[in-house]
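The structure presented is a predicted model; accordingly, all values stated were derived computationally and were not measured. The figures that follow rest on heavy atoms only: side chains count, while hydrogens, waters and symmetry mates do not. Proteins come first, then strands; the chains are lettered A, B, ... in the order of their sequence lines, and each starts at number 1.
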Amino acid sequence: MASTVIPANQTLAPTPKLNYLNNGHTLKSWLLTTDHKRIALLYLISVTVFFFLGGFFAMLIRLELLTPQGDLMQADTYNKVFTMHGMIMVFFFLIPVVPAVLGNFLVPLMIGAKDLAFPRINLLSWYLYITAGTLFLHCMLTGGVDTGWTFYTPYSTVGSNTNVIEAGLAVFIAGFSSIFTGLNFIVTIHRMRAPGLTWDRLPLFIWANYATSLIMILGTPVIAITVVLVAVERLFHLGIFDPRLGGDPLLFQHLFWFYSHPAVYIMILPSMGVISELIACFARKRIFGYKFVALSSLAIAVFGFLVWAHHMFVAGISLYAAMIFSFLSFSVGVPSAVKVFNWTATLYKSSISYATPMLYAFGFIGLFTIGGLTGLMLATIGIDVHVTDTYFVVAHFHYVMVGGVLMGYLGGLHFWWPKISGRMYPESWAKLSALLVFVGFNLTFFPQFILGYVGMPRRYWQYPPEFQVLNVLSTAGSSVLAVGYLLPMIYLLWSLKYGPIAEANPWGAAGLEWQTTSPPPTFNFDETPVVTWEAYNYDEIPAPKQLEAPGAR
Amino acid sequence: MSKFLPLWPDQASTMASQVDALYIYLLLVSGVMTALIYIAVTVLAIKYRRVPGRDAQQIEGSTLLEITWSIVPLFVMMTFFIWGAVIYFQERTPPADATEVYVVAKQWMWKIEHMEGQREINQLHVPTGQNIKLIMTSQDVIHSFFVPAFRIKQDVLPGRYTTLWFKATQPGRYHLFCAEYCGTNHSGMGGDIVVMEPQDYAQWMAGGPSAPLQETGKQLFTQLGCATCHRFDVQGRGPNLTAVYNKPVLLEDGRTVIADENYVRESILNPTAKIVSGFKPVMPTFQGIVSDEQLNALVAYVKSLAQPPTGTAGLQNQPPTSPAQPQNTQVQ
Amino acid sequence: MSEHEEHTSHSQAFYLAIGIGLLVLTATTVGAAFVNLGPFNPIIALLIATIKATLVVLFFMHVKGASEKLTGAVVVSGFFFLAILLSLSLADYLTRSWR
Amino acid sequence: MPDSQAIVMEHEAHNPALLHHFADAQQQKNAASLGMWLFLVTEIMFFGGMFCAYLVYRLAHFNAFAAASQQLSIGMGAFNTAVLIVSSITVVLAVKAAEAGKRKVLVGYLIITVLLGMTFLVVKGFEYREKFEKHHVPGSTFKFTDTFDDNGKQIPVNPKEAELFFSLYFAMTGMHALHMIIGCGLFGVLTVFAWKGHYSPGYFTPIENAGLYWHLVDIIWIYLFPLLYLISRHS
Ligand code: HEA
Ligand code: HEA
Ligand code: CUA
Ligand SMILES: [Cu+2]
């Protein structure tokens, strides 16, 4: 750190330089911290490690699929690779990424609180996450799992001879980490808001995290018990899903998707919250239809629980159930559409700067729209019968998860980087990487839509030769994508030491988090703020002098 | 279809063109929506880029607009839903006159048995212009029968039958894939669907030696001792099985079920699950005694009892007089 | 932040009365199980269980009267989403044959 | 955390439990209580998954479930239900005692609660032993020949489906018993703390919240009992 080192015994001295980063330098002061901001950083580091690990597996997948024959690795290895890729990306990266990193850092700051309601539980959730992650790594190194991230029975209970129990346990523990985060957020948002910060003045990021937390609390326990039942079935032969006992393998799928469909909204909602903040700031406007955007988050969270069996249209559920679930699936589309339209409308008569976070926001809108609309195609049963379990689905969910969630996360990370680190990142490198990600992404995943419709099934280690050209395109795109992801990793680290010092509010943004210093002090605010204004009062805040961030080069 | 860079799958069944039509509609609507949003964002982003001296204008929102852009997409989506549901309903409702083929999936192969007794592995020969109904089950984990050129797919589950039907239109050789992940050789669990002109098909069929499936079933029926209880002359200990298939059966506990394939299968494997009214639960279970193939033969035999014997060498089943039943048994 | 309720608790006699009520209901449900009521047997059993659970939630867990509305909302939403899980799963199982 | 400790001390010296990031004790109490209720919701959903499985299979395999259910000991089940209800009464009285600041009464009720909880577990243990003896534990040793109901009428049963019932029985009661064990441990610790005088009429949130947990575990049993033990006892 560039700031002067302050001895630990003087930490209460009210020097303006004192912030959460230099308040204690020992390893212990990090590993036993209850400061939500430090915990957010612990998450940031661990989640990034898992992202690159998951990305590494993605590259292995893409390399294997470069040729139609399975020549790079064995079939069993490939099966493990995509399973690891899916599980890591979903359970250890995408579900925690925005809530546990940005949410953890920002929720108390944005509502003017000193910390989350239960700081020790917050630390506990990180330890649970790390325990789960370590367990998963151990499982990976001692043979791995090959069930696909969906753990479908009876393959997971009787078919697979890999380490399913350990992977299930890891998911179980990671689930509790997620439950505790959600619980903490809900209580914090209910109980710890600064005076004057009424519900209709809350930043949309808070609304989004609130809705997310509801899903975490209501959905996660169901998958927890489900993986326990799978483990118990493998271990003690309690046959809950065993068809030989008259058990129904589809029951597993019902229970699994009861969580895992809402879980996709655990991923996307916080990212949508980020996008609302970014657009408001870089268009210097209150979000068009604030109330509708806020409530649509809740609507998505609730409707999200009604649609799970759209993953099971050809699984053997009843004809009528399939129709009901198809119908209900469209209900989620409406609040999602409301968000997209309101973001677009916010741009009208605004004053837009093309700073990196805003580029990511544009990217998000574009890619999420495609991902969402293809989601509607999948919800249309007549189409889903043909494209389910093909690369069409793979393309759909990468568009929403990578094109949507990851774009939102990267945008948010850049936006709040000055607040988190106290430094500015190099703007032109950031723009370059945003561009690379966008181009690489489309090149990787757009061909997969075509591939899916012409019939290439997913989870295939070898494929008929006529699919090769499209696969080659996809692999080529993924290497561009990899560069796009490696760049931020490098320049953000670089900026920690060499980046220009950030002001308290480099973007001229609204929101309580910008009213404290960058980086904030341990208890966030020297005085508890009293809020007398509406959210996004950009008319009252002067725009920054430069069009882009200071120190941009 | 270009073999180098296929952009569209072959259309080889009656369903294919229907699904494609819906798909094109969805592509159009989505394309228009995407274009609208992209153009709006681009135009606004350029028009309202930040220039010194021009500030953003604060606009609160508009309830009217919000309602419009909730309702309009909802209506559009409902067209997706209805069209999709109509197609799906057809896909899941096999026509009554369909020729039946039994499919048993196991890691990692497809075993196929025609009614005429022909057996194939990883290949299915079918004639054009004929409705084919597949009655499928799995010996181990879940698999999925997927023929892209026909736009059909159905998971194949252990412990029960699922069905699938199609009517091929174009002679040719098409991919058969297993689309549900099922372990090591999932991606190798495929084969070919060979669609032939009816006359070629008849020739192919004639080349096979085996006895018709229901004949095998009939033999099993005596071998396994079914015939001791299920008699056709006098009332035995079990119900007379003539004309059971596809008819409602009154159960001991007051429910009525339609005796479809799954019911017959269950009656053999798990006789106590549904007791026919007026009978004692004395039938032993045949679980573990009959293989999936034998089971299929027995089911085919019981079904054949409900239909008058047909003349055309068993190539087609006569359409039963009752209207087509939806594939699922209805528990009233 | 909500007003706090100073008198969360009721009298000892009240709690005992509720407790005895619960025990009586338990006896009733066991008794009812031995009477043939046809399809009403499970309904009665679940009804009694629900009454018992409601008594516990309202009086032992102090949701009635003393607490703020939010607590009630949390409880209701818990059961609401459970109901979604059960009912939509049954939407599948009740409309298909069992094997 | 030297800093946080210091602030805690300075803020409200007489209530050591008040954490620095709360404005006052009331806010802290409200937060803790809301947190507990949310946790209870997760418990409902956790057991909900198994209730869903139970519901589906009971509809599908009614006869087997009825026959298997009749092998459970209704006496032990009912006794345990009563034990849990009495323990819920002692819990609520313990909370009342804590609110009134009666330390000894509080400790007394807590001890009775733990004892009742252990009684429940011991009875459960006997039930499990009986299952082992009768080969009603799912797995390779499972046998089910008891197809006659209490009145000697034969219920036709596929033993496999009875095995499914017992799988659910063990999963559900086992998970419930695990919660009871945790509850007993929790109340044991609280007893020690209460004895040491940690709680006052101004601060007894842990007692209150542990009480909520105990009641919820009780409610789950209130449903498990009729669902598992009381199927088709008549006829
Ligand atoms: C972040 C994650 C995320 C998100 C947000 C979504 C969003 C949606 N998903 Fe997706 N989905 C996944 C992740 C996600 N999904 C994953 C991981 C899988 C595969 C799992 C596996 O099998 O491994 C999957 C699979 C999947 C399937 C099953 C496919 C199959 O296996 O057969 C279906 C089917 O209905 C579906 C539907 C939808 C729908 C309707 C939405 C909706 O929420 C989308 C709503 C958004 C919009 C609709 C766009 C914006 C709206 C407009 C621009 C308005 C204009 C519209 C009109 C006028 C019509 N998804
Ligand atoms: C958050 C979720 C997420 C993310 C970010 C990604 C990211 C990517 N995914 Fe993944 N994917 C899933 C979630 C995700 N995926 C899921 C849930 C499945 C289903 C699994 C299943 O079927 O069970 C899946 C399946 C899946 C498949 C289908 C496999 C199959 O069905 O056979 C493919 C194929 O192309 C793929 C590709 C990619 C690519 C190219 C990326 C790229 O975006 C990744 C880019 C990132 C990098 C490339 C990292 C950069 C760094 C390096 C390259 C350096 C390496 C470093 C070290 C070793 C230290 N994914
Ligand atoms: Cu069989 Cu995949
Ligand atoms: Cu979904």
Side-chain angles (χ1 to χ4, degrees), chain A residues 8-9 11-12 23-24 29 32-35 108 113-121 176 179-180 182-184 186-188 190-192 213 216-226 228-229 232-233 236-242 244-248 251 254-255 258-259 522-524 528, chain D residues 1-4 6-7 10 19-23 26-57 60-61 64 137-142 158-172 174-175:
Chain A
N9 57 0
T11 45
L12 278 175
N23 186 357
S29 76
L32 292 180
T33 182
T34 52
D35 182 347
K114 290 198 184 98
D115 204 326
L116 286 173
F118 309 117
R120 276 175 297 197
I121 293 185
F176 274 90
I179 288 177
F180 287 142
L183 196 150
N184 226 333
I186 296 196
V187 175
T188 307
H190 268 287
R191 300 296 196 216
M192 316 273 292
S213 306
M216 287 173 161
I217 282 190
L218 291 163
T220 320
V222 177
I223 194 168
I225 188 67
T226 311
V228 168
L229 292 178
V232 161
E233 189 158 338
F236 306 120
H237 310 287
L238 286 191
I240 309 256
F241 305 115
D242 187 349
R244 285 168 307 186
L245 303 186
D248 183 15
L251 179 66
H254 276 296
L255 294 175
F258 179 82
Y259 164 75
T522 299
F523 293 119
N524 296 348
T528 304
Chain D
M1 244 70 349
D3 48 321
S4 51
I7 292 197
E10 152 211 74
L19 294 170
H20 65 276
H21 58 290
F22 289 110
Q26 192 54 56
Q27 191 187 31
Q28 175 168 354
K29 189 174 155 69
N30 284 343
S33 143
L34 179 58
M36 192 65 206
W37 277 103
L38 290 171
F39 180 71
L40 297 186
V41 168
T42 67
E43 291 281 14
I44 294 177
M45 297 307 290
F46 188 76
F47 278 93
M50 286 188 289
F51 278 109
C52 184
Y54 173 87
L55 191 64
V56 166
Y57 290 150
H61 311 302
V137 180
S140 50
T141 59
F142 184 85
N158 180 345
K160 297 278 186 198
E161 295 176 0
E163 191 173 345
L164 189 63
F165 174 86
F166 283 106
S167 288
L168 276 168
Y169 167 82
F170 277 104
M172 295 172 99
M175 198 52 84

_For the interface with chain D, which of Asp115(A), Leu183(A), Thr188(A) has the highest count of heavy-atom pairs at distances below 4.5 Å?_
Leu183(A)
_Below 4.5 Å, heavy-atom pairs only: which of Leu255(A), Val222(A), Val187(A), Leu229(A) has the largest tally toward chain D?_
Val187(A)
_Ring-plane angle category for Phe166(D) and Phe142(D), please: parallel below 30°, perpendicular beyond 60°, tilted otherwise._
tilted
*Under the 3.5 angstrom rule, does the side chain of His61(D) hit a backbone N or O of Gly246(A) as a donor-acceptor pair?*
yes
*So, Ser33(D) side chain and Lys29(D) main chain: donor-acceptor pair closer than 3.5 Å or not?*
no
Under a 4.5 Å heavy-atom cut-off, does chain D meet the side chain of [X], its backbone, both or neither?
{"X": "Leu218(A)", "result": "both"}
{"X": "Leu251(A)", "result": "side chain"}
{"X": "Leu116(A)", "result": "backbone"}
{"X": "Tyr259(A)", "result": "neither"}

*Provide the closest heavy-atom pair for Ala117(A) versus Asn184(A) in the form atom of the first, atom of the second, distance.*
N-OD1, 3.6 Å
*Could you pull out the closest heavy-atom pair between Ile240(A) and Tyr57(D), with the gap in Å?*
O-OH, 2.7 Å
*Top contributor to chain A contacts, counting heavy-atom pairs under 4.5 Å, from Met45(D), Met50(D), Glu161(D)*: Met45(D)
*Could you tell me which of Ala162(D), Gly49(D), Pro159(D) has the largest number of non-hydrogen atom pairs under 4.5 Å with chain A?*
Gly49(D)
*Please look at Phe47(D) and chain A and tell me whether the side chain, the backbone, both or neither of the residue comes under 4.5 angstrom of a heavy atom of that chain.*
neither
_Evaluation steps, side chain to side chain contact (heavy atoms under 4.5 Å, CB included), between His21(D) and Thr34(A)_ = CA-CA 11 Å; His21(D) 58 290; Thr34(A) 52; over 6 Å; no
*Looking at CD1 of Ile217(A) and CG of Leu38(D), how far apart are the two atoms once the value is rounded to the nearest 0.5 Å?*
4.0 Å
